[in-house]
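Because the structure is a prediction, the values reported are computed rather than measured. Excluded from the calculations below are hydrogen atoms, water molecules and symmetry mates; all remaining heavy atoms, backbone and side chain alike, are included.
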Amino acid sequence: MWNFFQNQILGMRWLNVLVGQLLNACGLDTAGQLGASIQFFVYDVVKITVLLFVLIFIISYIQSYFPPERSRKIMGRFSGLGARSVAALLGTVTPFCSCSSIPIFMGFTQAGLPLGVTFSFLISSPMVDLGSLVLLMSIFGWKIALAYVVTGLVIAVAGGTIIEHLHMEDQVADFIRNAKANAAEFEGEKPTQKERLRNSLDSVLSTLKKVFPYILAGVTIGAFIHNWIPESWITTVLGDKNPFGVVLATLLGVPMYADIFGCIPIAESLLAKGALLGVVLSFMMAVTTLSLPSLVMLKNVVKSKLLAVFIAICVVGIIVVGYVFNAVQGALMV
């Protein structure tokens with residue numbers, strides 16, 4: 001039953017077969033490189049779009065019960081490690097990219113939450129969410145998906161803990177530290193169920209409009225890697241023949257800007273071509289957490305010293321996680 005759910009419901013393998021049959025009926029040989037690339041492209045674009053439509057709707061509906069003020073109150077009930085853990089978990093129900101997480105981070109900081117708590121949220125929100133868990137399960141299986149989410153939460157909590165113990169509150173931009181959270185902006189009547197559903201649908205459409213170009217780009221790159229790049233090239237650069245593959249993948253991922261939905265087709269193709277699991281997941285984490293545009297935005301919110309510490313914590317954490325995944329790859333792939 002689980003294999004059927006993972007392969008046919010989440011993975012939509014039936015769709016891949018159907019696309020192949022339709023292309024063959026149109027006279028295109030899906031056994032060749034061009035036909036296989038087109039089949040990969042059509043199948044992955046449709047599959048990811050359908051899954052995203054359903055997932056974003058569900059996540060947005062859940063999120064309607066967690067506006068910023070309610071999230072702040074929830075986190076305010078905890079302290080220390082518990083508060084940072086709650087902040088990281090709340091990040092999983094916010095379908096934000098690294099850039100759109102920063103305004104929420106600013107609001108939490110202005111509301112007086114400890115700096116470590118706000119950074120645990122800032123790390124977790126773009127790196128881990130419920131949508132990524134389901135999409136990762138659809139491609140890599142539940143073991144890898146769960147391990148990715150758990151390690152992402154560990155990085156978020158550990159990063160927040162380090163920052164809090166360094167007492168770097170003075171490294172937050174003055175206009176953030178001196179601002180008072182405006183409670184009025186959080187107030188308002190609770191939405192009705194009809195409004196929640198309508199807002200969830202609006203969120204689906206706006207999110208898909210924003211991420212669809214990245215899906216197309218990611219699937220195109222994935223199709224190219226999957227059908228045109230020799231396997232020997234991938235295994236040489238990103239396989240066990242290169243002990244620095246994790247470091248290389250992390251550093252390559254940092255300047256890129258995409259969300260996890262655009263990264264997954266690339267990761268799928270790299271893994272199929274022989275890249276190590278830790279290398280692939282490190283690349284995904286680096287792209288989603290440390291994109292160059294988000295770092296430019298964050299530079300306007302925190303001072304250089306805190307920004308450097310944040311980047312260092314994320315990079316080191318991602319690299320460590322990558323090597324751990326490489327070490328246990330055999331167990332996770334079973």
Side-chain angles (χ1 to χ4, degrees), residues 7 11-13 15-17 19-20 22-24 28-49 51 132 135-141 144-145 148 211-292 318-319 321-323 325-327 329-330 332-333:
N7 294 328
M12 299 174 68
R13 299 287 176 83
L15 177 63
N16 192 32
V17 174
V19 171
L22 290 175
L23 292 176
N24 286 327
L28 192 64
D29 181 16
T30 55
Q33 284 183 308
L34 179 59
S37 298
I38 295 175
Q39 180 179 1
F40 182 98
F41 180 85
V42 174
Y43 163 62
D44 259 33
V45 168
V46 174
K47 178 185 70 174
I48 293 175
T49 302
L51 287 175
S132 68
L135 280 177
L136 286 167
M137 285 175 59
S138 72
I139 294 175
F140 301 118
I144 295 176
Y148 177 90
V211 305
F212 195 69
Y214 298 109
I215 294 174
L216 293 178
V219 174
T220 300
I221 295 172
F224 180 74
I225 294 172
H226 194 273
N227 295 288
W228 297 89
I229 301 296
E231 185 173 323
S232 58
W233 292 12
I234 302 297
T235 55
T236 299
V237 178
L238 300 178
D240 55 10
K241 296 179 182 179
N242 183 3
F244 301 104
V246 169
V247 177
L248 177 62
T250 302
L251 296 179
L252 286 175
V254 168
M256 298 180 63
Y257 177 59
D259 57 26
I260 194 168
F261 308 120
C263 291
I264 285 178
I266 301 175
E268 180 184 12
S269 297
L270 288 174
L271 192 62
K273 282 289 186 175
L276 292 179
L277 178 61
V279 172
V280 171
L281 297 185
S282 292
F283 173 77
M284 292 172 60
M285 286 182 168
V287 170
T288 55
T289 310
L290 293 172
S291 67
L292 188 58
I318 291 170
I319 290 174
V321 165
Y323 281 112
F325 269 112
N326 282 349
Q329 177 170 358
L332 289 173
M333 297 295 285

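The nearest pair of heavy atoms linking Ile318 to Ser282 is O-OG, 3.3 Å. Heavy atoms only, all atoms of each residue included: Glu268 and Phe40 are closest at OE1-CZ, 4.1 Å. Across all non-hydrogen atoms, the minimal contact from Tyr43 to Met12 is CE1-O, 3.2 Å. Scanning all heavy atoms of the two residues, the minimum distance from Asn326 to Val246 falls at ND2-CG2, 3.3 Å. Trp228 and Leu34 make their closest contact through CZ2-N, 4.0 Å (heavy atoms, listed as atom of the first residue, atom of the second, distance). Minimum heavy-atom separation, Pro265 to Ile48: CG-CD1, 3.5 Å.
Formation of a donor-acceptor pair under 3.5 Å by the Lys273 side chain with backbone atoms of Ile229 is found in this model. In this structure, Thr250 contributes its side chain and Ala286 its backbone to no donor-acceptor pair below 3.5 Å. Checked by atom type and distance alone, the side chain of Gln39 pairs as donor or acceptor with a backbone atom of Asn16 at under 3.5 Å.
Here the straight-line distance linking atom CG of Leu277 with atom CG of Leu270 works out to 11.5 Å at 0.5 Å rounding. Rounded to the nearest 0.5 angstrom, Thr49 OG1 and Phe212 CZ are separated by 4.5 Å. Here the CG atom belonging to Leu271 is positioned 6.5 Å from the CD1 atom belonging to Ile144, to the nearest 0.5 angstrom. Annotation: the span from Ile319 atom CD1 to Leu248 atom CG amounts to 10.5 Å, rounded to 0.5 Å.
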Between Leu281 and Val321, does the side-chain contact (heavy atoms from CB on, under 4.5 Å) criterion hold? Intermediate values first, please. CA-CA 9 Å; Leu281 297 185; Val321 165; over 6 Å; no
In sequence, state the C-alpha distance, the side-chain angles, and the governing distance for Leu216 and Val45, and then conclude on side-chain contact (heavy atoms from CB on, under 4.5 Å). CA-CA 7 Å; Leu216 293 178; Val45 168; 4.0 Å; yes
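Considering only heavy atoms from C-beta on, Ile38 comes within 4.5 Å of Leu23 through its side chain. Asn242 places none of its side-chain heavy atoms less than 4.5 Å from the side chain of Leu238. Tyr323 is listed as a side-chain neighbour of Val247, based on a closest heavy-atom distance under 4.5 Å. In this structure, the side chains of Leu276 and Phe325 stay at 4.5 Å or more apart for every pair of heavy atoms.
Under the side chain to side chain contact (heavy atoms under 4.5 Å, CB included) rule, Phe41 has a single partner from Val19, Val46, Thr220, which is Thr220.
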